[in-house]
Protein chains: 2
Amino acid sequence: MKRQNYSRKREAILQALQGTNTHPTAEWMYLQLKSQFPDLSLGTVYRNLAQFKTEGSAVSVGIVNGQERFDGNTSPHSHFICTQCGAVLDIFKPLYAEASFSEISQELCAQVESCDVLFRGVCSDCLKKQ
Amino acid sequence: MKRQNYSRKREAILQALQGTNTHPTAEWMYLQLKSQFPDLSLGTVYRNLAQFKTEGSAVSVGIVNGQERFDGNTSPHSHFICTQCGAVLDIFKPLYAEASFSEISQELCAQVESCDVLFRGVCSDCLKKQ
DNA sequence: GTTAAAAATAATAACTATTATTGATTTGAG
DNA sequence: CTCAAATCAATAATAGTTATTATTTTTAAC
């Protein structure tokens, strides 16, 4: 039984990503795992996150304040980004945008493969602080 | 009549952005305008684009291949991004995602202000080339 | 368990898009 | 024209990310 693409750090990185709903940055994950793996390198986090993306075990939410945000939840859902604190929240309510794949494909004569819906605004925590 | 925030270069940058549907990068705009304004600086393009965004006369489509893409069309519409060539295409078909503002607001106890819908796939040109 | 090839990593350097700085130029009302 | 405010060019600086390379870890056959 050949277990390719395995290392304890890679496994820990993926588990840390799947175990949070904060949609973290590479740097945040690096700092989180640094205590458990004192010799962890930031480059390793970046490299593994990139690999998770191409493998499909992680997705990118987008870039918030100059930093890419990752999501280990690959089930289809949308996101809300707080323009004040940068928090990224999940929205699991279906939005019918995916239902437009075929129509968009026809309109553009293109092959539509995915759809991201991003809401922006002020989150509840930031509203309270005002 | 006070004409604040005016300069021939700023006007040219905005007109160039509004006169294309390619959703260009700052660098693309710089190269486009360089022939007309030989002493134009890339920093000036970046600074004006940032100002257009805060003023609301331009919006950001997102970051494609590491570069921010801008749109001078501020009417609500969606976008398709080709994952092969990086082209950004407009989609004017309404997608009913905006209709979910109030529901999302309730679900998150947040103040939703905008919504971006991004489709990804392979554009017609790239499909032909395969 | 050993061992050798393959894969992954740490540390570091390099890259690149973007932003900040600063001194010079342009703008427009008086 | 004059002057203060706005804008700009040129340059340096910043910061997120990627590439490099020597070292370490993992793997699977022995």
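Computed from heavy atoms alone, side chains included, the values below leave out hydrogens, waters and symmetry copies. Lettering of chains follows the sequences in order, A, B, ..., and the numbering in each one begins at 1. On a predicted model such as this, the values are computed, not experimentally measured, just so you know.
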Position toward the 5' end of DNA chain D (nearest nucleotide), B:S7 or A:A26: B:S7
Using a 4.0 Å heavy-atom cut-off, does A:L40 contact any base of the nucleic acid, only the sugar-phosphate backbone, or nothing at all? sugar-phosphate
Using a heavy-atom cut-off of 4.0 Å across all strands, would you classify A:E27 as base, sugar-phosphate, or nothing? nothing
In whole angstroms, how far is the [atom2] atom of [N] from the [atom1] atom of [X]?
| X | N | atom1 | atom2 | answer |
| --- | --- | --- | --- | --- |
| B:N48 | D:dC8 | CG | C1' | 9 Å |
| B:N65 | C:dC15 | CG | P | 19 Å |
| A:D39 | D:dT25 | CG | P | 8 Å |
| A:Q67 | D:dT14 | CD | P | 17 Å |
| A:K53 | D:dT18 | NZ | C1' | 12 Å |
| A:R10 | C:dT9 | CZ | C1' | 10 Å |
| B:L31 | C:dA17 | CG | C1' | 14 Å |
| B:I63 | C:dT18 | CD1 | P | 7 Å |

Taking the inter-plane angle between the rings of A:H23 and A:H77 on a 0 to 90° scale, is it parallel (under 30°), tilted (30 to 60°) or perpendicular (over 60°)? tilted
Specify whether A:F119 and B:F101 have parallel, tilted or perpendicular ring planes, treating 30° as the upper limit for parallel and 60° as the lower limit for perpendicular. perpendicular
A:Q106 atom CD, over 12 foreign heavy atoms within 6.0 Å: no
Could you tell me whether B:N65 atom CG has more than 12 heavy atoms of other residues or ligands within 6.0 Å of it? no
Looking only at side-chain N and O atoms, does [X] come under 4.0 Å of OP1 or OP2 in [N]?
| X | N | value |
| --- | --- | --- |
| A:Y46 | D:dT17 | yes |
| B:Y6 | C:dT27 | no |
| A:K9 | D:dT25 | no |

Would B:R10 and B:S7 count as a side chain to side chain donor-acceptor pair (under 3.5 Å) if you check the C-alpha gap in whole Å, the side-chain angles of each, and the deciding distance to 0.1 Å? CA-CA 5 Å; B:R10 169 171 300 159; B:S7 84; 5.1 Å; no
Nearest listed nucleotide, side chain of A:S41, among C:dA10, C:dA17, D:dC8: C:dA10
Between C:dA10, C:dT27, D:dA9, which nucleotide has the shortest distance from any of its atoms to the side chain of A:T44? C:dA10
Specify the residue among B:R47 and B:F70 whose closest nucleotide of DNA chain C lies further upstream toward the 5′ end. B:F70
